[in-house]
Number of protein chains: 2
Amino acid sequence: MANDIPDIVIGRLPIYLRALTHLAAEGESTTTSSYDLGRKLGISSAQIRKDLSHFGEFGKQGTGYNIKYLIEQLRQILHLDREWAIVLVGAGYIGHALSHYQGFQHRGFQILWVFDNDPGKIGRDMNGMRIRNMSELGALVRSEGVKVAILAVPASSAQETTDLLVESGIKSILSYAPINLTVPSDVNVRYTDPVVQLQRMTYYLDS
Amino acid sequence: MANDIPDIVIGRLPIYLRALTHLAAEGESTTTSSYDLGRKLGISSAQIRKDLSHFGEFGKQGTGYNIKYLIEQLRQILHLDREWAIVLVGAGYIGHALSHYQGFQHRGFQILWVFDNDPGKIGRDMNGMRIRNMSELGALVRSEGVKVAILAVPASSAQETTDLLVESGIKSILSYAPINLTVPSDVNVRYTDPVVQLQRMTYYLDS
DNA sequence: TAGATTGTTAATCGATTAACAATC
DNA sequence: TAGATTGTTAATCGATTAACAATC
């Protein structure tokens, strides 16, 4: 988290990247403009230009941005010019869905191993991956230098599992557990809680 | 979205509510302070007090906040003093995981129906719910006045499905499709894309 | 009472937007 | 060339924090 570029800017880059990738797939044009991209995303063109300007000059006056070139640049900025190995912890319903998710491969990630501590699940297959004993996690993660984890365990064991991940060298955690986790300052956690998202929207509904 | 209270404040209230609910479940104390809560969440005590002050005075000098009372107040503010019916659209892996998610019931939501347009899935059972034909969605949602939907369909049909939801009177959409959706200004969309979250974190990893 | 903590004000900090010279 | 669009500066807007009187 130590950098002079605001994290909120970093947070928008994957959104830009995603939209640009769609544009590239459509193949209707080789270029786009900050105005065009902003309209698609509901973001002002000034903000897009400002965000990108933190990292360099990627466009051309009069014509805008070359889509493929900007994609390539964003990939480099976000360190997506390699594939990141992920450990998935928790082989419940959410873990199961994630193990089948097609979106990882083409966007820079691959689930390497799946762990659970339920003896009834350990050794079983989940979408071609053998569910491993959580007790093996530390040694494996350390030996391969894996840095990214997805946490899909119940809230009751989420902090404990997080401590194990941190101790094993994990630096980025995407958590599906509906609880706030405590981690050292050099570890990044992002949360996905559908209920929190829903509750944020019901405020705007007349009850 | 039309209100004078910043959406970013609204976005923190469910987080406060979640933490308070944990505190209440632990039952170690009947009160908490903005300092205590802030430490747990990594938020400043001043921000918590400021956020709450938009809605009233819920604390007491010297003692802090009564946990149960504050929970009750936050529930009212967020319109969670009732149960919201949800339609789940898409009975793939993500829809399947969501249909088993235990966290909805106790936090104000209930999945009422599940829809899909795959003839191979329609009529089948998913965790006790019959998967319905998407063609029935409009009439059912309109007749029951459902306002909240979870979108768990492929990106390729997400916009089309969203249009159907909007047309049927849905006002809040939680989307799992990795694509930006276009909706009228009176409809709220929130996104959940694990890859976007992961990509935001790899920036901070040395590649 | 003394200590703790609120709610609120004002100051600070940071992010977004408007505007435009530069230039493709 | 004329039109379009960038990158950047300065202005504006909004959010966070510090500080403290009020008071439980």
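Reckoned from all heavy atoms, side chains included, excluding hydrogens, waters and symmetry mates. All chains are named by letter (A, B, ...) in the order of the sequence lines, taking the proteins before the strands, and each is independently numbered beginning at 1.
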Q. Does a nitrogen or oxygen in the side chain of B:S44 sit under 4.0 Å from OP1 or OP2 of D:dT17?
A. yes
Q.
Working to the nearest 0.5 angstrom, can you tell me the gap between A:I170 CD1 and A:T162 OG1?
A. 10.5 Å
Q) How would you label the contact of A:S34 with the nucleic acid (heavy atoms, under 4.0 Å): base, sugar-phosphate, or nothing? A) sugar-phosphate
Q. Dot-bracket for DNA chain C, 5' to 3', counting Watson-Crick or G-U wobble pairs under 3.5 Å, with [ ] for crossing pairs and | for inter-strand pairs?
A. ..||||||||||||||||||||||
Q. Where along nucleotides 19-24 of chain C does protein come under 4.0 Å, by heavy atom, of base (B) or sugar-phosphate alone (S), with - for untouched nucleotides?
A. B--BBB
Q: Quick one: do B:I94 and B:I150 satisfy side chain to side chain contact (heavy atoms under 4.5 Å, CB included)? Show the steps, please.
A: CA-CA 10 Å; B:I94 296 171; B:I150 298 183; over 6 Å; no
Q: Please test A:D193 against A:Q197 for side chain to side chain donor-acceptor pair (under 3.5 Å), starting from the C-alpha separation and ending with a verdict.
A: CA-CA 7 Å; A:D193 182 342; A:Q197 303 264 57; over 6 Å; no
Q | d(CD1, B:I43; P, D:dT17) in whole Å | A | 9 Å
Q: For A:S53 and for B:V9, locate the closest nucleotide of DNA chain D by heavy-atom distance; then report the residue assigned to the nucleotide nearer the 5' terminus.
A: A:S53
Q. Among the nucleotides D:dT17, D:dT6, C:dT8, which one has an atom lying closest to any side-chain atom of A:Y65?
A. D:dT6
Q | Distance-only polar pair, side chains of B:Q47 and B:D51, donor-acceptor under 3.5 Å | A | no
**Q.** Selected nucleotide, minimal atom distance to B:K50 side chain, candidates D:dT5, C:dG7, D:dT17
**A.** D:dT17
